[in-house]
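Given the structure is predicted, the values throughout are model-derived calculations rather than measurements. All chains are named by letter (A, B, ...) in the order of the sequence lines, taking the proteins before the strands, and each is independently numbered beginning at 1.
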2 protein chains.
Amino acid sequence: MKVSGWEDIREEVLRRIRARDWAPGAAIPTEEALAGEFGVARATVNRALRELAEEGVLERRRKAGTRVALHPVRKATLDIPVTRLEIEGRGQRYGYRLLAEDRDEPPPAIASRLGLAKGAALLHLTALHLADGRPVLLEDRWLNPEVLGRAAPDFHAVSANEWLLTHVPYTTGDIGFSAANASAAEARLLEVAEGAALFVIDRTTWEGERPITCVRLAHAPGYRMQTMV
Amino acid sequence: MKVSGWEDIREEVLRRIRARDWAPGAAIPTEEALAGEFGVARATVNRALRELAEEGVLERRRKAGTRVALHPVRKATLDIPVTRLEIEGRGQRYGYRLLAEDRDEPPPAIASRLGLAKGAALLHLTALHLADGRPVLLEDRWLNPEVLGRAAPDFHAVSANEWLLTHVPYTTGDIGFSAANASAAEARLLEVAEGAALFVIDRTTWEGERPITCVRLAHAPGYRMQTMV
DNA sequence: GTCGTTATTATGTGCAGACATATTCACATC
DNA sequence: GATGTGAATATGTCTGCACATAATAACGAC
(Lines give C-alpha, C1' and ligand atoms only; values in the text may rest on other atoms or scores of the structure.)
Protein backbone atom coordinates (compact mmCIF):
# COMPACT_ATOMS: atom_id res chain seq x y z
CA MET A 1 0.00 0.00 0.00
CA LYS A 2 1.67 3.12 -1.21
CA VAL A 3 0.47 6.17 0.65
CA SER A 4 1.76 9.42 -0.66
CA GLY A 5 -0.07 12.53 -1.61
CA TRP A 6 -2.99 13.98 0.26
CA GLU A 7 -5.58 12.18 -1.84
CA ASP A 8 -4.13 8.80 -0.94
CA ILE A 9 -4.23 9.77 2.69
CA ARG A 10 -7.80 10.96 2.34
CA GLU A 11 -8.74 7.57 0.86
CA GLU A 12 -6.88 5.63 3.50
CA VAL A 13 -8.55 7.57 6.30
CA LEU A 14 -11.92 7.02 4.69
CA ARG A 15 -11.16 3.31 4.35
CA ARG A 16 -10.35 3.04 8.03
CA ILE A 17 -13.54 4.83 8.96
CA ARG A 18 -15.60 2.54 6.77
CA ALA A 19 -13.76 -0.49 8.11
CA ARG A 20 -14.62 0.67 11.63
CA ASP A 21 -10.97 0.89 12.60
CA TRP A 22 -12.04 4.32 13.74
CA ALA A 23 -15.59 4.28 15.02
CA PRO A 24 -18.06 7.14 14.67
CA GLY A 25 -17.62 9.61 17.48
CA ALA A 26 -14.14 8.38 18.33
CA ALA A 27 -11.04 10.50 18.05
CA ILE A 28 -8.46 9.60 15.44
CA PRO A 29 -4.70 10.06 15.84
CA THR A 30 -3.26 13.55 15.68
CA GLU A 31 -1.98 15.01 12.47
CA GLU A 32 1.52 14.61 13.75
CA ALA A 33 1.03 10.91 14.49
CA LEU A 34 -0.52 10.25 11.09
CA ALA A 35 2.22 12.20 9.38
CA GLY A 36 4.73 9.99 11.10
CA GLU A 37 2.86 6.82 10.22
CA PHE A 38 2.45 7.69 6.56
CA GLY A 39 5.87 9.24 6.27
CA VAL A 40 4.65 12.61 5.02
CA ALA A 41 4.68 16.16 6.30
CA ARG A 42 1.97 17.29 8.69
CA ALA A 43 0.72 19.78 6.10
CA THR A 44 -0.13 16.89 3.81
CA VAL A 45 -2.16 15.13 6.48
CA ASN A 46 -3.77 18.44 7.31
CA ARG A 47 -4.90 18.88 3.74
CA ALA A 48 -6.46 15.42 3.64
CA LEU A 49 -8.25 15.78 6.97
CA ARG A 50 -9.42 19.28 6.15
CA GLU A 51 -11.10 18.04 2.98
CA LEU A 52 -12.82 15.26 4.88
CA ALA A 53 -13.98 17.76 7.48
CA GLU A 54 -15.42 19.98 4.76
CA GLU A 55 -17.32 16.98 3.44
CA GLY A 56 -18.77 16.42 6.88
CA VAL A 57 -17.02 13.10 7.53
CA LEU A 58 -14.74 14.40 10.26
CA GLU A 59 -15.16 16.98 12.96
CA ARG A 60 -12.14 18.93 13.98
CA ARG A 61 -11.54 21.28 16.87
CA ARG A 62 -8.37 22.85 18.07
CA LYS A 63 -6.83 21.08 20.96
CA ALA A 64 -9.75 18.64 21.13
CA GLY A 65 -8.45 16.84 18.07
CA THR A 66 -10.17 15.17 15.14
CA ARG A 67 -13.02 12.73 15.48
CA VAL A 68 -15.23 10.78 13.14
CA ALA A 69 -18.52 12.59 12.75
CA LEU A 70 -21.26 10.99 14.79
CA HIS A 71 -24.09 12.29 12.64
CA PRO A 72 -22.40 12.76 9.30
CA VAL A 73 -24.50 15.49 7.75
CA ARG A 74 -23.83 14.76 4.15
CA LYS A 75 -23.23 17.78 2.04
CA ALA A 76 -24.26 17.78 -1.58
CA THR A 77 -22.98 20.49 -3.86
CA LEU A 78 -25.39 21.50 -6.57
CA ASP A 79 -24.46 23.41 -9.66
CA ILE A 80 -26.98 26.18 -10.07
CA PRO A 81 -27.50 26.15 -13.77
CA VAL A 82 -27.96 28.93 -16.27
CA THR A 83 -31.22 27.94 -17.92
CA ARG A 84 -30.03 28.57 -21.45
CA LEU A 85 -26.88 26.54 -21.02
CA GLU A 86 -28.77 23.75 -19.31
CA ILE A 87 -31.23 23.47 -22.17
CA GLU A 88 -28.59 23.75 -24.86
CA GLY A 89 -26.50 21.23 -22.97
CA ARG A 90 -29.28 18.71 -23.49
CA GLY A 91 -29.08 19.40 -27.21
CA GLN A 92 -32.34 21.33 -27.26
CA ARG A 93 -33.07 24.70 -28.83
CA TYR A 94 -33.38 27.46 -26.26
CA GLY A 95 -36.13 30.04 -26.48
CA TYR A 96 -37.02 33.02 -24.31
CA ARG A 97 -40.09 35.25 -24.21
CA LEU A 98 -40.63 38.28 -22.01
CA LEU A 99 -44.25 38.27 -20.92
CA ALA A 100 -44.51 41.42 -18.85
CA GLU A 101 -42.33 44.25 -17.63
CA ASP A 102 -43.47 46.99 -15.29
CA ARG A 103 -42.38 49.07 -12.39
CA ASP A 104 -44.31 48.33 -9.27
CA GLU A 105 -44.23 48.09 -5.55
CA PRO A 106 -43.42 44.52 -4.60
CA PRO A 107 -45.59 42.51 -2.21
CA PRO A 108 -44.48 42.82 1.42
CA ALA A 109 -42.94 39.35 1.46
CA ILE A 110 -40.57 40.24 -1.36
CA ALA A 111 -39.77 43.69 0.03
CA SER A 112 -38.87 42.34 3.42
CA ARG A 113 -36.76 39.55 1.99
CA LEU A 114 -34.77 42.13 0.09
CA GLY A 115 -34.71 44.44 3.08
CA LEU A 116 -36.38 47.31 1.23
CA ALA A 117 -38.27 50.24 2.65
CA LYS A 118 -42.02 50.20 2.14
CA GLY A 119 -43.02 52.02 -1.00
CA ALA A 120 -39.84 51.38 -2.96
CA ALA A 121 -40.63 50.45 -6.53
CA LEU A 122 -38.91 47.59 -8.31
CA LEU A 123 -38.82 46.38 -11.85
CA HIS A 124 -41.14 43.42 -12.21
CA LEU A 125 -40.41 40.94 -14.98
CA THR A 126 -42.28 37.85 -16.06
CA ALA A 127 -40.72 35.60 -18.64
CA LEU A 128 -40.96 32.16 -20.13
CA HIS A 129 -38.06 29.93 -21.08
CA LEU A 130 -38.58 27.34 -23.79
CA ALA A 131 -36.85 24.16 -24.85
CA ASP A 132 -37.46 23.17 -28.47
CA GLY A 133 -40.36 25.60 -28.46
CA ARG A 134 -42.09 24.08 -25.44
CA PRO A 135 -42.33 26.12 -22.26
CA VAL A 136 -40.30 24.62 -19.43
CA LEU A 137 -39.68 27.44 -16.97
CA LEU A 138 -41.70 30.38 -15.76
CA GLU A 139 -39.71 33.22 -14.26
CA ASP A 140 -41.19 35.83 -11.96
CA ARG A 141 -38.56 38.36 -11.03
CA TRP A 142 -38.33 41.53 -8.96
CA LEU A 143 -35.27 43.58 -9.79
CA ASN A 144 -33.67 46.57 -8.13
CA PRO A 145 -33.68 49.26 -10.87
CA GLU A 146 -30.54 50.81 -9.40
CA VAL A 147 -28.42 48.02 -10.80
CA LEU A 148 -29.49 48.75 -14.35
CA GLY A 149 -27.46 51.95 -14.60
CA ARG A 150 -28.06 54.33 -17.45
CA ALA A 151 -27.82 51.68 -20.14
CA ALA A 152 -31.08 49.94 -19.30
CA PRO A 153 -31.02 46.63 -21.08
CA ASP A 154 -33.78 45.39 -23.36
CA PHE A 155 -35.18 42.41 -21.51
CA HIS A 156 -37.04 41.35 -24.61
CA ALA A 157 -33.73 40.46 -26.20
CA VAL A 158 -31.76 39.11 -23.28
CA SER A 159 -33.02 37.28 -20.23
CA ALA A 160 -32.61 39.04 -16.91
CA ASN A 161 -30.64 36.13 -15.61
CA GLU A 162 -28.02 36.37 -18.31
CA TRP A 163 -27.85 40.13 -18.15
CA LEU A 164 -27.28 39.96 -14.42
CA LEU A 165 -24.73 37.23 -14.86
CA THR A 166 -22.57 39.42 -17.08
CA HIS A 167 -23.24 42.78 -15.44
CA VAL A 168 -23.61 42.00 -11.74
CA PRO A 169 -21.88 38.67 -11.32
CA TYR A 170 -20.45 37.08 -8.23
CA THR A 171 -23.24 38.04 -5.91
CA THR A 172 -24.15 36.39 -2.66
CA GLY A 173 -27.60 35.28 -1.68
CA ASP A 174 -29.80 32.44 -0.64
CA ILE A 175 -31.66 29.84 -2.58
CA GLY A 176 -34.56 27.62 -1.68
CA PHE A 177 -36.15 24.61 -3.31
CA SER A 178 -39.72 23.51 -2.95
CA ALA A 179 -42.67 22.01 -4.79
CA ALA A 180 -45.88 23.84 -5.64
CA ASN A 181 -49.07 23.13 -7.50
CA ALA A 182 -49.45 25.15 -10.68
CA SER A 183 -51.96 27.97 -10.39
CA ALA A 184 -54.40 28.50 -13.21
CA ALA A 185 -52.24 31.24 -14.70
CA GLU A 186 -49.04 29.24 -14.36
CA ALA A 187 -50.67 26.18 -15.86
CA ARG A 188 -51.82 28.15 -18.87
CA LEU A 189 -48.40 29.66 -19.49
CA LEU A 190 -46.48 26.44 -19.00
CA GLU A 191 -49.09 24.50 -20.97
CA VAL A 192 -49.65 21.96 -18.22
CA ALA A 193 -52.68 20.91 -16.25
CA GLU A 194 -53.77 23.15 -13.42
CA GLY A 195 -52.39 21.79 -10.17
CA ALA A 196 -49.43 20.06 -11.83
CA ALA A 197 -46.46 19.71 -9.49
CA LEU A 198 -43.88 22.37 -10.26
CA PHE A 199 -40.32 22.37 -8.99
CA VAL A 200 -39.78 25.86 -7.64
CA ILE A 201 -36.50 27.61 -7.01
CA ASP A 202 -36.62 30.84 -5.01
CA ARG A 203 -33.55 32.94 -5.11
CA THR A 204 -32.64 36.23 -3.50
CA THR A 205 -29.34 37.90 -4.25
CA TRP A 206 -27.33 40.81 -2.95
CA GLU A 207 -24.11 42.44 -3.93
CA GLY A 208 -22.65 43.19 -0.56
CA GLU A 209 -25.47 45.02 1.22
CA ARG A 210 -27.25 46.14 -1.92
CA PRO A 211 -30.29 44.05 -2.85
CA ILE A 212 -30.20 42.94 -6.47
CA THR A 213 -33.04 40.64 -7.29
CA CYS A 214 -35.59 38.18 -6.00
CA VAL A 215 -36.81 35.55 -8.40
CA ARG A 216 -39.12 32.58 -8.44
CA LEU A 217 -38.40 29.96 -11.06
CA ALA A 218 -41.22 27.48 -11.60
CA HIS A 219 -40.10 24.45 -13.57
CA ALA A 220 -42.53 22.41 -15.61
CA PRO A 221 -43.10 18.80 -14.55
CA GLY A 222 -40.23 16.52 -15.48
CA TYR A 223 -37.57 18.83 -14.17
CA ARG A 224 -35.03 17.16 -11.97
CA MET A 225 -31.95 18.46 -10.24
CA GLN A 226 -29.28 15.89 -9.64
CA THR A 227 -25.87 15.59 -8.08
CA MET A 228 -23.41 13.11 -6.66
CA VAL A 229 -22.76 12.86 -2.95
CA MET B 1 -5.52 48.03 3.45
CA LYS B 2 -3.95 45.21 5.28
CA VAL B 3 -3.76 42.05 3.23
CA SER B 4 -2.46 39.07 5.09
CA GLY B 5 -3.86 35.64 5.44
CA TRP B 6 -5.48 33.68 2.67
CA GLU B 7 -8.98 34.83 3.55
CA ASP B 8 -8.02 38.47 3.11
CA ILE B 9 -6.53 37.64 -0.25
CA ARG B 10 -9.64 35.74 -1.22
CA GLU B 11 -11.73 38.81 -0.36
CA GLU B 12 -9.44 41.19 -2.18
CA VAL B 13 -9.50 39.07 -5.33
CA LEU B 14 -13.28 38.86 -5.13
CA ARG B 15 -13.44 42.64 -4.70
CA ARG B 16 -11.37 43.20 -7.81
CA ILE B 17 -13.54 40.85 -9.79
CA ARG B 18 -16.70 42.59 -8.64
CA ALA B 19 -15.13 45.99 -9.31
CA ARG B 20 -14.33 44.81 -12.83
CA ASP B 21 -10.63 45.34 -12.35
CA TRP B 22 -10.48 41.82 -13.67
CA ALA B 23 -13.19 41.18 -16.22
CA PRO B 24 -14.99 37.89 -16.68
CA GLY B 25 -13.04 35.65 -19.01
CA ALA B 26 -9.82 37.58 -18.51
CA ALA B 27 -6.71 36.11 -17.00
CA ILE B 28 -5.54 37.40 -13.63
CA PRO B 29 -1.89 37.71 -12.57
CA THR B 30 0.03 34.58 -11.72
CA GLU B 31 0.26 33.29 -8.19
CA GLU B 32 3.85 34.44 -8.06
CA ALA B 33 2.94 37.97 -9.12
CA LEU B 34 0.11 38.20 -6.60
CA ALA B 35 2.32 36.77 -3.88
CA GLY B 36 4.81 39.53 -4.65
CA GLU B 37 2.16 42.22 -4.68
CA PHE B 38 0.56 41.17 -1.42
CA GLY B 39 3.85 40.31 0.22
CA VAL B 40 2.91 36.73 1.08
CA ALA B 41 4.12 33.30 0.07
CA ARG B 42 2.83 31.71 -3.09
CA ALA B 43 1.20 28.95 -1.05
CA THR B 44 -1.00 31.55 0.60
CA VAL B 45 -2.17 32.94 -2.73
CA ASN B 46 -2.65 29.40 -3.94
CA ARG B 47 -4.97 28.64 -1.05
CA ALA B 48 -7.08 31.71 -1.73
CA LEU B 49 -7.35 31.11 -5.46
CA ARG B 50 -8.04 27.42 -5.00
CA GLU B 51 -11.00 28.17 -2.77
CA LEU B 52 -12.39 30.62 -5.29
CA ALA B 53 -11.94 28.04 -8.03
CA GLU B 54 -13.84 25.48 -5.97
CA GLU B 55 -16.65 27.98 -5.61
CA GLY B 56 -16.76 28.37 -9.35
CA VAL B 57 -15.61 31.99 -9.42
CA LEU B 58 -12.25 31.27 -11.00
CA GLU B 59 -11.09 28.74 -13.55
CA ARG B 60 -7.58 27.46 -13.27
CA ARG B 61 -5.46 25.38 -15.59
CA ARG B 62 -1.83 24.53 -15.42
CA LYS B 63 0.30 26.69 -17.60
CA ALA B 64 -2.78 28.47 -18.96
CA GLY B 65 -3.11 30.39 -15.71
CA THR B 66 -6.10 31.59 -13.75
CA ARG B 67 -9.04 33.42 -15.25
CA VAL B 68 -12.30 34.83 -14.03
CA ALA B 69 -15.07 32.38 -14.84
CA LEU B 70 -17.06 33.51 -17.87
CA HIS B 71 -20.18 31.60 -16.89
CA PRO B 72 -19.84 31.34 -13.16
CA VAL B 73 -21.76 28.19 -12.42
CA ARG B 74 -22.70 28.94 -8.88
CA LYS B 75 -22.36 26.03 -6.58
CA ALA B 76 -24.66 25.67 -3.64
CA THR B 77 -23.86 23.18 -0.93
CA LEU B 78 -26.87 21.58 0.67
CA ASP B 79 -26.84 19.76 3.95
CA ILE B 80 -28.71 16.54 3.45
CA PRO B 81 -30.65 16.31 6.66
CA VAL B 82 -31.48 13.41 8.87
CA THR B 83 -35.24 13.63 9.09
CA ARG B 84 -35.45 13.11 12.81
CA LEU B 85 -32.85 15.76 13.58
CA GLU B 86 -34.45 18.17 11.14
CA ILE B 87 -37.83 17.84 12.80
CA GLU B 88 -36.46 17.98 16.32
CA GLY B 89 -34.36 20.95 15.28
CA ARG B 90 -37.58 22.81 14.57
CA GLY B 91 -38.71 22.02 18.09
CA GLN B 92 -41.28 19.49 16.95
CA ARG B 93 -41.85 15.99 18.24
CA TYR B 94 -40.57 13.32 15.89
CA GLY B 95 -42.56 10.24 15.11
CA TYR B 96 -41.93 7.23 12.91
CA ARG B 97 -44.19 4.45 11.70
CA LEU B 98 -43.20 1.45 9.62
CA LEU B 99 -46.04 0.77 7.19
CA ALA B 100 -44.80 -2.28 5.32
CA GLU B 101 -41.80 -4.58 5.19
CA ASP B 102 -41.37 -7.38 2.70
CA ARG B 103 -38.81 -9.08 0.57
CA ASP B 104 -39.47 -8.62 -3.10
CA GLU B 105 -37.98 -8.23 -6.51
CA PRO B 106 -37.62 -4.52 -7.21
CA PRO B 107 -39.04 -2.89 -10.33
CA PRO B 108 -36.56 -2.85 -13.23
CA ALA B 109 -35.87 0.88 -12.83
CA ILE B 110 -34.67 0.37 -9.27
CA ALA B 111 -32.71 -2.78 -10.07
CA SER B 112 -30.83 -1.14 -12.92
CA ARG B 113 -30.08 1.96 -10.89
CA LEU B 114 -28.51 -0.22 -8.24
CA GLY B 115 -26.80 -2.35 -10.86
CA LEU B 116 -28.45 -5.56 -9.69
CA ALA B 117 -28.98 -8.76 -11.62
CA LYS B 118 -32.56 -9.52 -12.62
CA GLY B 119 -34.31 -11.64 -10.03
CA ALA B 120 -32.37 -10.43 -7.03
CA ALA B 121 -34.65 -9.83 -4.09
CA LEU B 122 -34.41 -6.76 -1.91
CA LEU B 123 -35.95 -5.69 1.33
CA HIS B 124 -38.77 -3.29 0.64
CA LEU B 125 -39.73 -0.83 3.36
CA THR B 126 -42.44 1.77 3.48
CA ALA B 127 -42.50 4.19 6.36
CA LEU B 128 -44.00 7.42 7.50
CA HIS B 129 -42.22 10.18 9.40
CA LEU B 130 -44.27 12.48 11.59
CA ALA B 131 -43.78 15.91 13.11
CA ASP B 132 -45.95 16.62 16.13
CA GLY B 133 -48.06 13.65 15.10
CA ARG B 134 -48.74 14.91 11.60
CA PRO B 135 -47.27 12.99 8.65
CA VAL B 136 -44.65 14.98 6.78
CA LEU B 137 -42.58 12.45 4.89
CA LEU B 138 -43.33 9.21 3.11
CA GLU B 139 -40.38 6.91 2.64
CA ASP B 140 -40.27 4.15 0.06
CA ARG B 141 -37.02 2.24 0.33
CA TRP B 142 -35.36 -0.75 -1.33
CA LEU B 143 -32.53 -2.14 0.72
CA ASN B 144 -29.84 -4.66 -0.06
CA PRO B 145 -30.37 -7.41 2.56
CA GLU B 146 -26.65 -8.24 2.49
CA VAL B 147 -25.88 -5.15 4.51
CA LEU B 148 -28.09 -6.22 7.39
CA GLY B 149 -25.71 -8.94 8.51
CA ARG B 150 -26.87 -11.50 11.04
CA ALA B 151 -28.25 -8.94 13.48
CA ALA B 152 -31.19 -7.90 11.34
CA PRO B 153 -32.53 -4.72 12.88
CA ASP B 154 -36.14 -4.16 13.82
CA PHE B 155 -37.28 -1.47 11.46
CA HIS B 156 -40.38 -0.94 13.55
CA ALA B 157 -38.20 0.54 16.24
CA VAL B 158 -35.56 2.38 14.28
CA SER B 159 -35.86 4.06 10.90
CA ALA B 160 -33.84 2.54 8.10
CA ASN B 161 -32.14 5.85 7.54
CA GLU B 162 -30.82 6.03 11.06
CA TRP B 163 -29.85 2.39 11.13
CA LEU B 164 -27.90 2.82 7.93
CA LEU B 165 -26.33 6.01 9.22
CA THR B 166 -24.84 4.20 12.18
CA HIS B 167 -24.12 0.85 10.55
CA VAL B 168 -23.17 1.67 6.97
CA PRO B 169 -22.10 5.29 7.11
CA TYR B 170 -19.90 7.26 4.75
CA THR B 171 -21.34 5.88 1.58
CA THR B 172 -21.24 7.44 -1.85
CA GLY B 173 -24.20 7.87 -4.12
CA ASP B 174 -26.31 10.24 -6.07
CA ILE B 175 -29.26 12.32 -5.12
CA GLY B 176 -31.97 13.94 -7.17
CA PHE B 177 -34.64 16.51 -6.42
CA SER B 178 -37.94 16.87 -8.19
CA ALA B 179 -41.61 17.66 -7.72
CA ALA B 180 -44.45 15.17 -8.11
CA ASN B 181 -48.19 15.13 -7.67
CA ALA B 182 -49.35 12.96 -4.80
CA SER B 183 -50.90 9.71 -5.95
CA ALA B 184 -54.10 8.57 -4.29
CA ALA B 185 -52.18 6.27 -1.96
CA GLU B 186 -49.59 8.89 -1.12
CA ALA B 187 -52.26 11.49 -0.50
CA ARG B 188 -54.05 9.21 1.91
CA LEU B 189 -50.93 8.40 3.88
CA LEU B 190 -49.67 11.96 4.04
CA GLU B 191 -53.19 13.25 4.74
CA VAL B 192 -53.13 15.72 1.90
CA ALA B 193 -55.29 16.21 -1.16
CA GLU B 194 -54.70 13.90 -4.08
CA GLY B 195 -52.47 15.66 -6.58
CA ALA B 196 -50.81 17.88 -3.97
CA ALA B 197 -47.30 18.93 -4.98
CA LEU B 198 -44.75 16.83 -3.14
CA PHE B 199 -41.06 17.60 -2.92
CA VAL B 200 -39.34 14.36 -3.79
CA ILE B 201 -35.79 13.34 -3.02
CA ASP B 202 -34.48 10.24 -4.77
CA ARG B 203 -31.34 8.82 -3.39
CA THR B 204 -29.21 5.83 -4.36
CA THR B 205 -26.19 4.85 -2.32
CA TRP B 206 -23.29 2.48 -2.63
CA GLU B 207 -20.47 1.47 -0.39
CA GLY B 208 -17.68 1.17 -2.87
CA GLU B 209 -19.14 -1.11 -5.55
CA ARG B 210 -21.73 -2.68 -3.30
CA PRO B 211 -25.24 -1.29 -3.71
CA ILE B 212 -26.80 -0.34 -0.40
CA THR B 213 -30.15 1.29 -0.85
CA CYS B 214 -32.43 3.23 -3.13
CA VAL B 215 -35.00 5.46 -1.53
CA ARG B 216 -37.70 7.88 -2.53
CA LEU B 217 -38.61 10.49 0.07
CA ALA B 218 -41.86 12.31 -0.66
CA HIS B 219 -42.23 15.42 1.48
CA ALA B 220 -45.64 16.85 2.31
CA PRO B 221 -46.45 20.31 0.95
CA GLY B 222 -44.71 23.08 2.83
CA TYR B 223 -41.34 21.41 2.77
CA ARG B 224 -38.54 23.66 1.67
CA MET B 225 -34.84 23.08 1.33
CA GLN B 226 -32.71 26.15 1.71
CA THR B 227 -29.10 27.20 1.62
CA MET B 228 -26.84 30.19 1.17
CA VAL B 229 -24.85 30.75 -2.00
C1' DG C 1 -16.27 20.55 45.89
C1' DT C 2 -16.45 25.05 43.18
C1' DC C 3 -14.44 28.61 40.82
C1' DG C 4 -10.95 31.06 38.36
C1' DT C 5 -6.24 31.02 36.46
C1' DT C 6 -2.54 28.96 33.93
C1' DA C 7 -0.17 25.57 31.18
C1' DT C 8 -0.64 22.40 27.64
C1' DT C 9 -1.75 20.80 23.21
C1' DA C 10 -3.93 19.82 18.48
C1' DT C 11 -5.29 22.26 14.89
C1' DG C 12 -4.96 26.58 11.77
C1' DT C 13 -2.15 29.12 9.17
C1' DG C 14 2.10 31.02 7.53
C1' DC C 15 6.82 30.94 4.84
C1' DA C 16 10.52 29.56 1.59
C1' DG C 17 12.03 26.33 -1.34
C1' DA C 18 11.58 22.37 -4.35
C1' DC C 19 9.94 19.22 -7.76
C1' DA C 20 5.88 17.30 -10.60
C1' DT C 21 2.68 17.83 -14.19
C1' DA C 22 -0.16 19.49 -17.57
C1' DT C 23 -0.55 22.68 -21.16
C1' DT C 24 0.73 25.95 -24.36
C1' DC C 25 3.65 27.99 -27.72
C1' DA C 26 7.25 28.05 -30.92
C1' DC C 27 9.67 25.66 -34.09
C1' DA C 28 10.99 22.17 -37.33
C1' DT C 29 9.40 18.83 -40.48
C1' DC C 30 6.59 16.89 -43.92
C1' DG D 1 -0.84 24.42 -44.55
C1' DA D 2 -0.86 20.41 -41.43
C1' DT D 3 1.54 17.83 -38.06
C1' DG D 4 4.75 16.32 -34.67
C1' DT D 5 8.34 17.68 -31.10
C1' DG D 6 10.47 20.01 -27.48
C1' DA D 7 11.10 24.03 -24.45
C1' DA D 8 8.79 27.12 -21.46
C1' DT D 9 5.68 28.05 -17.79
C1' DA D 10 1.70 28.37 -14.34
C1' DT D 11 -0.42 25.65 -11.36
C1' DG D 12 -0.39 21.42 -8.12
C1' DT D 13 1.67 19.47 -4.47
C1' DC D 14 5.14 18.37 -0.94
C1' DT D 15 8.53 19.31 2.82
C1' DG D 16 10.13 21.21 7.17
C1' DC D 17 9.80 24.62 9.99
C1' DA D 18 7.47 28.29 12.75
C1' DC D 19 4.11 30.76 15.27
C1' DA D 20 -1.01 31.72 16.28
C1' DT D 21 -5.18 30.28 18.32
C1' DA D 22 -8.58 28.03 20.77
C1' DA D 23 -10.03 24.71 23.87
C1' DT D 24 -9.02 21.56 27.27
C1' DA D 25 -6.81 19.88 31.44
C1' DA D 26 -4.38 20.67 35.55
C1' DC D 27 -3.81 23.30 39.39
C1' DG D 28 -4.44 26.27 43.35
C1' DA D 29 -7.33 29.29 46.28
C1' DC D 30 -11.29 29.44 48.75
Side-chain angles (χ1 to χ4, degrees), chain A residues 1-14 16-17 21-70 72-73 75 77, chain B residues 1-14 16-17 21-70 72-73 75 77:
Chain A
M1 162 102 226
K2 191 175 142 253
V3 173
S4 62
W6 68 268
E7 289 193 275
D8 289 337
I9 293 180
R10 180 188 173 284
E11 288 311 309
E12 173 61 13
V13 169
L14 209 47
R16 291 186 187 183
I17 292 172
D21 292 348
W22 295 333
I28 73 173
T30 67
E31 293 187 347
E32 212 159 13
L34 289 174
E37 182 192 338
F38 293 133
V40 299
R42 186 169 77 89
T44 307
V45 174
N46 179 281
R47 175 76 189 271
L49 298 187
R50 180 157 45 79
E51 299 269 338
L52 286 169
E54 277 169 15
E55 291 167 36
V57 173
L58 295 177
E59 284 171 4
R60 322 195 70 200
R61 273 178 22 247
R62 277 175 164 128
K63 160 77 182 174
T66 302
R67 49 189 62 237
V68 182
L70 205 50
V73 176
K75 290 171 172 54
T77 64
Chain B
M1 159 103 231
K2 191 174 143 253
V3 172
S4 63
W6 68 269
E7 290 193 275
D8 289 337
I9 293 180
R10 181 188 172 284
E11 288 311 310
E12 172 62 11
V13 169
L14 208 48
R16 292 186 187 183
I17 291 171
D21 293 347
W22 296 332
I28 75 172
T30 66
E31 292 186 347
E32 213 159 12
L34 289 174
E37 182 193 337
F38 294 134
V40 300
R42 187 168 78 87
T44 308
V45 175
N46 179 282
R47 175 78 189 269
L49 297 188
R50 179 158 46 79
E51 299 269 338
L52 286 170
E54 277 169 15
E55 291 167 35
V57 173
L58 295 176
E59 285 170 4
R60 322 193 72 196
R61 284 198 347 268
R62 276 174 164 130
K63 161 76 182 172
T66 302
R67 49 190 61 236
V68 182
L70 203 49
V73 177
K75 291 172 170 57
T77 64

Identify the two heavy atoms, one from [X] and one from [Y], that lie closest to each other, and give their separation to 0.1 Å.
X: A/Leu58; Y: A/Val68; result: CD2-CA, 4.0 Å
X: B/Gly56; Y: B/Ala69; result: O-CB, 3.4 Å
X: B/Trp6; Y: B/Ala48; result: O-CB, 3.4 Å

Working to the nearest 0.5 angstrom, can you tell me the gap between [X] [atom1] and [Y] [atom2]?
X: A/Leu49; Y: A/Glu59; atom1: CG; atom2: CD; value: 13.5 Å
X: B/Glu54; Y: B/Thr77; atom1: CD; atom2: OG1; value: 11.5 Å
X: A/Ile9; Y: A/Leu14; atom1: CD1; atom2: CG; value: 13.5 Å

Next on the checklist: Among C/dA16, D/dT9, C/dT11, which nucleotide has an atom closest to any side-chain atom of B/Ala41?
Outcome noted: C/dA16
Item to check | A/Glu32, CD: over 12 other non-hydrogen atoms inside 6.0 angstrom | outcome: no
d([atom1], [X]; [atom2], [N]) in whole Å:
X: A/Glu59; N: C/dT11; atom1: CD; atom2: P; result: 14 Å
X: B/Glu54; N: D/dT11; atom1: CD; atom2: P; result: 16 Å
X: B/Phe38; N: C/dT13; atom1: CZ; atom2: P; result: 18 Å
X: A/Arg67; N: C/dT11; atom1: CZ; atom2: C1'; result: 14 Å
X: A/Trp6; N: D/dC14; atom1: CH2; atom2: P; result: 8 Å
X: B/Arg60; N: C/dT23; atom1: CZ; atom2: C1'; result: 15 Å

Among all residues two or more places apart in sequence or in another chain, which pass the side chain to side chain donor-acceptor pair (under 3.5 Å) test with [X]?
X: B/Thr66; result: B/Arg60
X: A/Arg10; result: A/Glu55
X: A/Glu11; result: none

Item to check | From A/Arg47, A/Arg50, A/Arg62, A/Arg42, residue fulfilling salt bridge (Lys or Arg N to Asp or Glu O under 4.0 Å) relative to A/Glu31 | outcome: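 For A/Glu31, the salt bridge (Lys or Arg N to Asp or Glu O under 4.0 Å) test succeeds with only one of A/Arg47, A/Arg50, A/Arg62, A/Arg42, which is A/Arg42.
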Check nucleotides 17-21 of chain D for protein N or O atoms closer than 3.5 Å to its own N or O atoms and list the pairs.
residue : atom : partner : partner atom : Å
D/dA18  : N6   : A/Arg42 : NH2          : 3.2
D/dT21  : O2   : A/Arg62 : NE           : 3.0

With a 4.0 Å cutoff (strictly under), does any side-chain N or O of [X] reach OP1 or OP2 of [N]?
X: A/Thr44; N: D/dT13; value: no
X: B/Arg50; N: D/dT11; value: no
X: B/Asn46; N: D/dT13; value: no

Item to check | Rounded (10°) bend between the five-pair end axes of the helix from C/dG1-D/dC30 to C/dC30-D/dG1 | outcome: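 Taking the rotation axis at each end, their angle is 10°.
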Checklist entry - Which sits closer to the 5' end of DNA chain D, A/Arg47 or B/Gly65, going by the nucleotide each is nearest to? => result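 Final value for this comparison: B/Gly65.
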Checklist entry - For residues 21-37 of chain B, which residues have at least one heavy atom under 4.0 Å from DNA chain D? => result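 Hits under 4.0 Å, by residue number: B/Thr30, B/Glu31.
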